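Given the structure is predicted, the values throughout are model-derived calculations rather than measurements. Numbers restart at 1 for each chain; the letters A, B, ... are given by sequence-line order, proteins then strands.
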Amino acid sequence: MAGLIHRLAELRASEERGILFTAVEGPAVGTKVLVLESGERIGEGLDEAVERFDELIRRARNRLLELSDGSKVFAEWYGPAPRLFVYGAVDTAEALCRGAKLLGWRTIVADARAKFATPERIPSADELVVEWPQEALARVAPDHQTAIVVLTHDDKFDEPALIGALQTDAFYIGALGSRRNQERRRERLLEAGVDEEALERIMGPCGLDIGAETQEETALSILAEIVAVRAGREGGFLKNARQRIHAEVE
Amino acid sequence: MKEILPEIERWKEEGEQVVVATVVATRRSAPRPVGASLAISESGKMCGSVSGGCVESDVFEHAQEVLATGEPKLLTYGISDDEAWSVGLPCGGEIDVFVERVE
């Protein structure tokens with residue numbers, strides 16, 4: 001396991017994702033298999049657990065698996081922090097990035113307007129991209145650990161940004177805007193050839209219903225919604241909730 | 001184990017045997033999330049945690065055995081009972097802790 005420990009330490013410091021499977025109960029107890037998203041594999045066995053790699057890597061949580069023979073395998077998730085990609089370098093973008101940094105996420109803000117996407121305006125963005133939506137999305141390449149929020153309030157940016165976002169694997173796609181604007185945008189996206197089912201992925205207006213007024217409160221509302229979506233929760237008061245407080249493990 | 005890998009690697013490089021205890025499951029409330037881990041070296045160095053200090057001393061005892069035999073163990077801790085010396089979780093939850101020697 002010494003070689004494995006070294007590989008795990010490397011993995012932890014890299015941008016790669018992987019899962020370390022460890023048999024904790026049953027005949028194979030102590031067996032370890034490391035599988036990386038790139039396909040690299042260290043160790044043999046635990047096939048039934050390893051088969052669930054794709055589902056587990058997307059869930060981005062540590063989890064105890066129970067196999068058909070009753071034995072148990074612990075799956076430890078390795079990977080970089082989630083990314084927040086914001087299109088629209090408006091004030092809310094800075095508040096969103098500031099909040100996301102607090103959560104340990106990496107932040108990217110893009111806008112076609114060079115005057116908007118500046119480090120003076122958005123100091124909390126790890127990366128600023130001055131490009132139109134399609135080009136920015138191609139550069140950033142959102143994957144299943146990326147949340148996308150579209151903030152420009154301008155159809156000529158918002159629409160291509162949303163159409164592009166729907167073609168990615170992003171775990172969250174949110175759009176600001178009034179209910180009236182959402183309805184109008186919905187119709188325009190349908191006209192542009194986006195199908196109804198795909199449109200269901202868009203959270204718009206984005207955010208939890210916490211009565212947000214300021215930019216910071218709006219950011220909190222959106223970030224809380226992103227966390228809830230990631231954990232498969234609805235949001236709401238814990239006091240009224242019937243399930244366990246922390247994210248479900250199995 | 002993710003959070004304490006640098007320490008584990010360092011202790012191994014220094015030639016020490018290391019035991020790692022990891023929270024692999026929690027039921028109801030629990031002080032630390034699934035994946036939280038504690039490393040214990042042969043010379044008694046410790047790093048990380050599996051609870052809020054509630055069960056670490058008992059895990060440490062089991063770790064000595066795992067260190068000696070190399071046989072991993074799956075431990076379960078629940079609510080502390082009435083006996084003052086028993087080990088348990090005051091929050092009313094239950095945790096499973098896997099203890100293994102780093103080979």
Participant: Does A:Asp69 have more than 12 heavy atoms from other residues, nucleotides or ligands lying within 6.0 Å of its CG?
Facilitator: yes
Participant: Just wondering, more than 12 heavy atoms not from A:Glu213 lying within 6.0 Å of its CD?
Facilitator: no
Participant: Identify the two heavy atoms, one from B:Leu5 and one from A:Ala9, that lie closest to each other, and give their separation to 0.1 Å.
Facilitator: CD1-N, 3.8 Å
Participant: Taking the side chain from B:Lys2 and the backbone from A:Arg12, do they hold a donor-acceptor pair closer than 3.5 Å?
Facilitator: no
Participant: Mind listing the closest non-hydrogen atom pair of B:Gly35 and A:Asn62 along with its distance?
Facilitator: CA-ND2, 3.5 Å
Participant: In Å, rounded to the nearest 0.5 Å, how long is the span from CD1 of A:Ile5 to CD of B:Glu103?
Facilitator: 10.5 Å
Participant: So for A:Leu20, is it side chain, backbone, both, or neither that comes closer than 4.5 Å to the heavy atoms of chain B?
Facilitator: side chain
Participant: Please check if the side chain of B:Glu100 supplies one atom and the backbone of A:Gly30 the other of a donor-acceptor pair under 3.5 Å.
Facilitator: no
Participant: Rounded to the nearest 0.5 Å, what separation is found between the NZ atom of A:Lys72 and the CZ atom of B:Phe98?
Facilitator: 12.0 Å
Participant: Using heavy-atom distances under 4.5 Å, tell me whether A:Tyr78 contacts chain B through its side chain, its backbone, both, or neither.
Facilitator: both
Participant: Is the count of non-hydrogen atoms from other residues, nucleotides or ligands lying under 6.0 Å from A:Arg41 atom CZ greater than 12?
Facilitator: yes
Participant: Heavy atoms only: give me the nearest A:Phe74-B:Val23 pair and the separation to one decimal.
Facilitator: CZ-O, 3.9 Å
Participant: So how far is it from B:Glu9 CD to A:Arg7 CZ, rounded to the nearest 0.5 Å?
Facilitator: 11.5 Å
Participant: Taking all non-hydrogen atoms of both residues, which atom of B:Met1 and which atom of A:Glu76 are closest, and how far apart?
Facilitator: N-OE2, 2.5 Å
